There are 2 protein chains.
Amino acid sequence: MAKIHEVAEAAGVSISTVSYALSGKRTISAETRRRIEQAVRELDYRPNAGARMLAGRRTNIFALTEPFRADTYAPAHMAFVLATSIAARRYDYDVLLLTEEQASAGMRRVARSGLADAVLVLDVAPDDERVELARHLDIPSVFVGVPNDHDGLVCVDLDFEAAAGLAVDRLADAGHRTIGLLGHPAAAYHRSNFPPRVRAGFERRARERGLADTVELPEFGGARRVAVRAALGVLLDRGVTGIVLHCDEEAHVAALDELAARGLRVPDDVSVVSVGSTFDTSSMQPPLDVLPLVPQASCDLAVDLAMQLLSDAVPPPGVRLVAPVYHDHGSVAPPGRR
Amino acid sequence: MAKIHEVAEAAGVSISTVSYALSGKRTISAETRRRIEQAVRELDYRPNAGARMLAGRRTNIFALTEPFRADTYAPAHMAFVLATSIAARRYDYDVLLLTEEQASAGMRRVARSGLADAVLVLDVAPDDERVELARHLDIPSVFVGVPNDHDGLVCVDLDFEAAAGLAVDRLADAGHRTIGLLGHPAAAYHRSNFPPRVRAGFERRARERGLADTVELPEFGGARRVAVRAALGVLLDRGVTGIVLHCDEEAHVAALDELAARGLRVPDDVSVVSVGSTFDTSSMQPPLDVLPLVPQASCDLAVDLAMQLLSDAVPPPGVRLVAPVYHDHGSVAPPGRR
DNA sequence: CCGTGGTGTCGAAGCGCTTCGATACGCAAG
DNA sequence: CTTGCGTATCGAAGCGCTTCGACACCACGG
């Protein structure tokens, strides 16, 4: 592996000139820069990571804490990890994966050994042990997700509440007066930070628009299909004509199957809107309107904020909500043909 | 963050003594070691990662290349990433995640900057671009999976061929004379390294045991269920009484549903064995016998090998196959009641 | 002509650790 | 009493980079 000293020699300049040329922190004449860049290319030079960390007090590494649990829904989490990694690369940062069940241990270890410049916190629980730790860590952190107690933290997330509100609006605008939310199982409301926000947004907007609303949280203990069937039954019995779906892909499919089995067509008999999905609802049978959760949107912003936290223009703590976007796939229509 | 110098001071010894006490590379008296350990605890000391890399020529980091593709089956891949991370922690190693589509770029970058001590290669394709690169890299690598051309590489994997062979044996031992393999879609046979090995093991053992065998690779282009139904139809039409399943969870479920729909009971009418699954087949309806792919087994071994490659007792290149284990859940019985 | 300020480059001092060789000590053997 | 050796510890030299302050040079105005 070539070293900066060899580059300097090849370019006929001093070591420090090479360093400045590469970092751009001091002006270097065009000609000198050209020679240095050529030497770098010829020698296939890349600064040694350890030396850079030690001298520069920059590791160019983000720690990513993602405490994989048994019940973790893999596809969504993988999408977030991937999106974070891609976002980090834009700034020439790499991602160190912390997966230990004792999430705090990893964060503390990495911070104390100066292995990372900042911590990105994924899969945030409403009452997350990492919140308290983040406050006392000596490197900055960004939460992708909003814990209950987020005082002094920098958080990024989709505005789930607004998303649910827009879903309700769409149904109300189409003329529905009785709507229902088919949500994640009740347990998810303690484990994850966003289901409660969807529910709150749903209920608030329903109230504001004067709609009758019902919330059903199927228990997936046994067969998923059975639970979804039961929940859907409750909603339909109450005369629901518009349904907001906030659950995983399997439950979506099960719900659509069940509607079909009951002879109900979407959107002719029932209107459906999906909220906060990370999977593709546009190729379902039928395609569903959706206000998706886009990992890239949150992760790009999270990485941007992390970079700012490392600069001297430190942004203030607070929650940054990403505005939801409505994608129309034709699953909402006026009620009443039933 | 405390530094080694402060630890030395607190323990009343020199810096080098602290270093040796912590690394164990020279003998330190029990009493001195005690004082040092106490100082470390009190100061909450952790060696600075950058300094360690620079001076020690050890980064304590493994790079993990996992080129997430659109068609990646998330749960299995996540399981491997997690297993690797856990295995690495046993040696106080952290994992740096390389996800770039251009997988080689990340490997090269990390190797050239000395960011990692070794590369762990996941999600290996039969004709993987990382193979050639690994040969020319100046840090060692371990492949979890076996590429076609694995000359000079260190590879670890489940012995898929043996697993398929054992599955066939089980069916043959139970008295089945006509068996079928319901495999991954044909495309997977180019993308991944193990489907061909399962197929080869299946066909070879079937031949050895004198069985009639059929291989069906459903195309999941449209609805999964439809494809699985068709493939299963072909197998049953040919008089298959024993089925080996080597496909994803969804296809398993679809296959069992389809059997039930045809009024065929497992194992009374048809025997079924699952091969190389990472998901739980014991809680399916009905529970299925399985020769599972256990991420932990492969990843533990891969990390062990990586550590050896970093030691002076460098193991020879070659393929290390993990022996498959048969888990009986009662889905195989003698044929003929049909 | 000298002073002034901007521009481009260099030398050297670290960053915090590991590790080599040297040293000091005590103890058994000669 | 010296010699030799093993044990426990120390000092100092890097590891490869960043960055600070210094300096040389040139163009400009006075």
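As the structure is a computational prediction, the values presented were derived from the model and not from experiment.
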### Nearest-nucleotide 5' precedence on DNA chain D, B/Gly56 against A/Arg57
B/Gly56
### Task
Could you tell me the separation between the NE2 atom of A/His5 and the P atom of D/dG16, rounded to a whole number of Å?
11 Å
### Query
For the side chain of B/Tyr20 and the base of D/dC10, is some donor closer than 3.5 Å to an acceptor across the two?
no
### Query
OP1 or OP2 of C/dG11 sitting under 4.0 Å from any side-chain N/O of A/Ser16?
no
### Task
Quickly work out the A/Met53 CE to D/dC17 C1' distance and round it to whole Å.
12 Å
### Query
How close or far is atom C1' of C/dC17 from atom CE of B/Met1, stated in whole angstroms?
13 Å
### Query
If only side-chain N and O atoms of B/Arg26 are considered, is one of them under 4.0 Å from the OP1 or OP2 phosphate oxygen of C/dT18?
no
### Message
Below the 4.0 Å mark, does C/dC17 have OP1 or OP2 next to a side-chain nitrogen or oxygen of B/Tyr45?
### Response
yes
### Task
Respond yes when some side-chain nitrogen or oxygen of A/Ser29 is under 4.0 Å from OP1 or OP2 of C/dT7, and no when none is.
no
### Message
We want to know whether A/Thr32 and A/Ser29 form a side-chain donor-acceptor pair, criterion being a heavy-atom distance below 3.5 angstrom.
### Response
yes
### Query
Think B/Thr27 has a side-chain N or O under 4.0 angstrom from the OP1 or OP2 of D/dA8?
yes
### Message
Can you identify which nucleotide, out of D/dC17, C/dC17, D/dT19, has its nearest atom closest to the A/Arg52 side chain?
### Response
D/dC17
### Message
Regarding B/Arg135 and B/Glu132, does a basic nitrogen lie under 4.0 Å from an acidic carboxylate oxygen?
### Response
yes
### Message
What is the separation between atom CG on A/Asn60 and atom C1' on D/dC17, rounded to the nearest whole Å?
### Response
13 Å
### Query
Between C/dC10, D/dC17, D/dT18, which nucleotide has the shortest distance from any of its atoms to the side chain of A/Ser19?
D/dT18
#### Entry: Residue met sooner reading DNA chain D from 5', once A/Ser23 and B/Ala30 are mapped to nucleotides
B/Ala30
### Query
Please give, in whole Å, the distance from C/dG14 C1' to A/Leu54 CG?
9 Å
### Query
Taking the side chain from B/Arg26 and the backbone from B/Tyr20, do they hold a donor-acceptor pair closer than 3.5 Å?
no
### Task
Run the salt-bridge test on B/Arg41 and B/Asp44 with the 4.0 Å N-O cut-off and return the result as yes or no.
no
#### Entry: Distance test, side-chain N/O of A/Thr32 to OP1/OP2 of C/dT9, below 4.0 Å
yes
#### Entry: Distance test, side-chain N/O of B/Ser14 to OP1/OP2 of D/dC10, below 4.0 Å
yes
### Query
For D/dT19, does OP1 or OP2 lie under 4.0 Å from any side-chain N or O of A/Lys25?
yes
### Query
Between B/Arg46 (CZ) and C/dG16 (P), how many Å, whole number?
17 Å
### Task
Flag the pair A/Glu31 and A/Arg34 as a salt bridge only when some basic side-chain nitrogen lies within less than 4.0 angstrom of an acidic carboxylate oxygen.
yes
### Message
Looking at B/Asp94 and A/Arg109, is there a salt bridge between them, counting it only when a charged N and a carboxylate O are closer than 4.0 Å?
### Response
yes
### Query
Rounding to a whole Å, what distance do you find between A/Arg58:CZ and D/dT19:C1'?
14 Å
### Query
What's the CD1-P distance between A/Ile4 and D/dT18, to the nearest Å?
5 Å
